[in-house]
Each structure stands twice: as structure tokens, then as C-alpha cells.
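A short worksheet on the structure shown next.
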Amino acid sequence: MGEKWVLMKTAQTPTNIAVIKYWGKRDETLILPVNDSISVTLDPAHLCTTTTVAVSPAFQQDRMWLNGKEISLSGGRYQNCLREIRKRAREVEDKEKGIKIEKEDWEKLHLHIASYNNFPTAAGLASSAAGFACLVFALAKLMNVEEDESQLSAIARQGSGSACRSLFGGFVKWIMGKEEDGSDSLAVQLVDEKHWDDLFIIIAVVSSRQKETSSTSGMRESVETSLLLQHRAKEVVPKRTLQMEEAIKNRDFASFAKLTCADSNQFHAVCLDTSPPIFYMNDTSHRIISHVEKWNRSEGSPQVAYTFDAGPNAVLIARDRKAAAQLLKRLLFSFPPNSDADLDSYIIGDKTILKEAGVEGMKDVEALSPPPENGAAQKCPGDVNYFICTRPGKGPILLSNENVGLLDPETGLPK
Ligand SMILES: Nc1ncnc2c1ncn2[C@@H]1O[C@H](COP(=O)(O)OP(=O)(O)OP(=O)(O)O)[C@@H](O)[C@H]1O
Ligand SMILES: C[C@@](O)(CCOP(=O)(O)OP(=O)(O)O)CC(=O)O
């Protein structure tokens with residue numbers, strides 16, 4: 001194997017947001033959770049990771065570049081994913097390029113990996129979920145791995161728990177499993193992204209400093225100190241998961257919204273019940289909850305569900321585009337951009353919703369009146385950094401066009 005060839009694959013993988021939260025591990029190394037969780041996959045057109053993986057006999061060591069900067073692969077989570085995927089590698093032949101890799105060769109060959117998130121990394125937008133799912137998916141394609149998405153999800157899980165749910169589109173369940181080796185702790189698709197096409201999602205990226213407690217250490221502290229977590233995992237989530245599956249199957253928005261909001265609130269209650277307490281939401285997050293609760297109550301049935309991960313960003317799931325347009329008007333009234341910002345960079349993703357809300361420029365934002373159910377609503381410019389408008393989306397895909405790869409096909413180094 002003294003030749004100079006480089007073989008590459010590029011994949012794109014979505015991020016996901018949990019509507020029944022994963023919070024707490026029963027095994028830290030294998031990343032095994034204390035309860036099942038359910039998520040919705042977000043449209044990769046707006047939030048996704050692109051990863052190119054390459055193999056060549058010329059590479060001296062495994063290397064990785066994240067958003068253009070070289071990072072170390074020595075961490076246990078990367079090492080576990082690489083080891084597990086290498087174990088499953090099979091023979092690969094590219095007759096056109098005259099390349100043949102035997103199964104045993106994969107243990108000796110080194111990899112180059114380049115990855116890019118089209119959204120901020122470590123900003124509470126689940127970059128680790130999309131990132132590890134994409135790494136495992138792209139490597140599986142490069143190495144001709146036979147395992148299906150669920151089996152791959154059990155490998156991605158060892159990179160970051162929530163990553164296992166990004167191997168599928170639509171609504172996804174991470175089954176906690178019972179086995180000690182984690183072999184049955186994996187993700188399955190509940191329904192694909194077309195099943196509940198009406199839903200529209202608006203993410204409020206709330207201004208904050210970098211979060212103080214990572215999900216990993218936060219959930220460790222909750223497991224060690226919160227009695228509410230024990231109760232939640234044993235008594236609440238098992239029932240709630242079944243109800244959520246029913247709500248999703250029947251496209252029952254009222255039930256879906258009730259369960260989603262209750263589960264987000266209970267997760268944050270567990271954080272408060274942790275010693276010392278963990279605060280992920282801030283005043284802006286609380287204000288968003290109160291606006292949504294008031295509006296839902298005044299309508300008589302829920303129009304929007306809210307959920308918050310380990311940070312202050314609000315993920316708002318509207319029952320349909322009409323409700324999303326109404327929601328956007330309410331959000332823009334209370335959280336207009338700072339006077340120097342322009343609407344084009346303040347609302348990103350699927351901007352078509354702006355037109356439906358009748359908001360086409362800053363003048364329209366300034367002219368918005370307070371929502372009828374909340375005449376006393378205050379304007380808080382600058383409290384939200386920007387909004388991302390998106391939908392439920394599809395799972396990982398392989399990109400066939402070599403030009404979109406992040407590594408140079410000749411050298412295997414970042415372009
Ligand atoms: N594209 C990627 N490929 C591989 N690993 C990634 C990628 N993007 C992020 N990561 C890993 O995930 C880590 C960030 O995870 P972290 O949990 O801190 O933030 P996050 O996932 O963006 O936020 P949160 O978990 O709160 O939603 C990075 O330091 C890196 O190790
Ligand atoms: C609040 C959450 O987003 C927690 C996600 O935790 P991570 O998957 O980031 O944690 P590790 O497994 O330690 O990497 C809820 C969820 O996504 O289910």
C-alpha cells in the first residue's frame with residue numbers, strides 16, 4: 001500500500017430537539033440513559049453538519065478539522081466511535097480508481113475528517129448531536145459498513161447521547177435499553193418527516209454568555225443529587241413516552257403541546273432540584289414561556305409548544321404555518337432586533353413565513369401592535385440574538401457530488 005490514492009465520502013446530518021428529554025446516564029462511558037427520549041429532527045436545510053471523511057495510505061495519523069480548525073481526536077468519545085466503526089468495516093473496491101481495501105487494512109489505515117456546522121457550535125443548538133451522527137454515518141459509508149441506521153445510532157450514542165437520534169428524520173425515539181453492554185440502547189424512527197407536515201418551528205437564539213454547565217456534567221450532578229430525577233425516570237417518563245407516541249401518531253397537537261411543555265418544564269425543575277442548582281433558562285426564556293402560555297390559554301387550545309434544552313434558547317413548535325406567522329408577529333413585537341440590526345440577518349432559515357406574517361421590513365416590525373391577549377407586553381430589543389425558522393426534516397444523506405467535499409481529493413487536507 002505505497003500508493004497515493006485518497007478515497008472520500010461526504011455526508012450531511014441534521015440536528016434534533018428532544019420533546020421528551022434525555023437527562024441522566026446509568027453508564028457514563030457507554031452513554032446509557034436512565035430513560036427513553038423522543039425528538040423531532042430539524043430540517044438540515046437550515047441546521048446541519050457536513051462531514052467529509054477520507055482514507056489514504058499516505059496519511060500518517062487520524063486527524064480532524066472542525067469548522068476549519070484542527071482538533072484533537074484523543075478524547076474517549078471520538079476514540080470509542082472510531083474503534084466501533086472500524087470493527088465493522090468491510091472490503092471496499094473502487095475499480096475506476098483502482099483501489100482495493102481489504103477488511104483487515106482498515107485497522108492500519110489512517111483517516112482524515114473535516115466537519116462544518118452551518119450554525120454556531122456549542123451554543124445550545126445540539127452541534128454535538130449532528131456532529132457525532134454525521135461522523136459515524138460518513139465513516140459507515142466510507143468503510144462499507146453493513147449495519148442499519150439503528151445499529152449506527154448505538155455507535156453515535158457513544159459520541160454524545162442525543163446524537164443517536166440524529167440518524168433518522170421525522171420523530172425519533174431513543175430506547176434506553178436494558179443490556180449492560182448497551183447493545184439495545186438505540187434510536188428508532190417513529191414516523192418520517194412527511195407524517196406531520198403542518199408543523200413549523202421557530203428557534204429563538206437567546207443572548208447569553210457561554211453556558212456554565214455542560215449537559216454532560218449537569219446530568220451527572222442531577223443523577224448524583226436530584227430525587228426528582230429518580231421519580232421522573234421511574235414514574236413520569238415511561239407513561240409520558242407512550243402518550244407522546246400516541247399524540248405523534250394521531251397528529252394530536254393539543255396533547256403533543258401539553259406533553260412537550262410539561263417535559264421541558266420538568267427537565268428544568270430537575271436542574272433546579274440538583275445540588276448546587278443549575279439554571280439554564282434566563283429571564284428572556286421565562287418571558288417567552290409566559291407569552292406562549294397566555295396566548296395558548298386565550299385561544300382555548302394550544303397553538304404553540306415550547307421546549308428548552310441545556311441553555312436559554314427557546315424552540316417553539318407551531319401547529320401550522322398560520323399559527324407560526326401569528327407567533328412570529330408576537331415574538332417580533334416583544335423581541336425586536338436592536339436598532340442597528342437588519343431583518344434579513346435577524347430572521348434566518350425559511351424566511352417565507354415573514355411574508356405570511358405581513359412583515360417585510362423594519363417598518364412593519366415597528367408598526368406591530370401588542371398581542372390582544374397581552375396588552376401590557378413590553379418591548380425588549382436585543383434580548384434575542386436572532387430567530388431560525390425551520391420545520392421537521394429528513395435524516396442523514398450522502399452527498400454524491402465530490403466538489404462539495406471539505407477535503408482536497410488529491411491531498412486529503414482541508415480545502
Ligand atoms: N461537526 C462536528 N463533528 C464532530 N464533533 C462535533 C461537531 N460539532 C461539535 N462537535 C463536538 O461537540 C462539542 C460541543 O458539544 P456541546 O454539547 O458542548 O455543545 P452543543 O451540542 O452545541 O450544545 P448542546 O449540547 O447544549 O445542545 C464540540 O466541542 C465537539 O467536540
Ligand atoms: C438537554 C438535552 O439536550 C441533553 C443532551 O445531552 P447530550 O447528548 O449533549 O449529553 P452527552 O450524552 O453527555 O453528550 C436533552 C436531549 O437532547 O434529550
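Start at 1 with the first residue, then count along the sequence. Order of appearance sets the numbers: ligands from 1, and atoms from 1 within every ligand.
Using a 4.0 angstrom heavy-atom cutoff, Leu135 does not count as in contact with ligand 1. Under a 4.0 angstrom heavy-atom cut-off, Asp309 registers as lying outside contact with ligand 1. Heavy-atom separations between Met64 and ligand 1 include at least one value shorter than 4.0 Å.
A distance-only check finds no donor-acceptor pair linking the side chain of Asp192 to the backbone of Gly170 [under 3.5 Å]. Side-chain atoms of Tyr346 do not come within 3.5 Å of backbone N or O of Asn385 as any donor-acceptor pair.
For Arg330 and Trp295, the positive end sits near the middle of the six-membered ring, less than 6.0 Å away and at most 45° from its axis.
Nearest protein neighbour of atom 16 (C) of ligand 2, counting heavy atoms only, is Arg165 NH2, 3.4 Å. Nearest protein neighbour of atom 15 (C) of ligand 2, counting heavy atoms only, is Tyr22 O, 3.3 Å. For atom 10 (O) of ligand 2, the nearest protein heavy atom (residue, atom name, distance) is Met219 CE, 3.5 Å. Here the protein heavy atom with the shortest distance to atom 8 (O) of ligand 2 is Ser162 OG, 2.6 Å.
Considering backbone and side-chain atoms together, Phe132 places no N or O closer than 3.5 Å to any N or O of ligand 1. Annotation: Tyr116 places no N or O atom under 3.5 Å from an N or O atom of ligand 1; distance criterion only. Residue contacts with ligand 2: Asn16 is placed with no nitrogen or oxygen under 3.5 Å of a nitrogen or oxygen of the ligand (distance criterion only).
Distance check, rounded to the nearest 0.5 Å: CD1 of Ile155 to CD of Glu84 gives 6.0 Å.
Of all the atoms in ligand 2, the ones that sit under 4.0 Å from a non-hydrogen atom of Ile31 are 12 (O). If you number the atoms of ligand 1 from 1 as listed, the ones under 4.0 Å from a heavy atom of Ser115 come out as 1 (N), 2 (C), 3 (N).
Using a 3.5 Å distance cut-off with no hydrogens or angles, the side chains of Asp350 and His46 do not pair a donor with an acceptor.
In this view, Glu293 and Tyr306 satisfy the side chain to side chain donor-acceptor pair (under 3.5 Å) rule, not counting sequence neighbours.
In the candidate list Ser128, Ala114, Cys81, Ala163, Ser128 is nearest to atom 21 (O) of ligand 1, counting heavy atoms.
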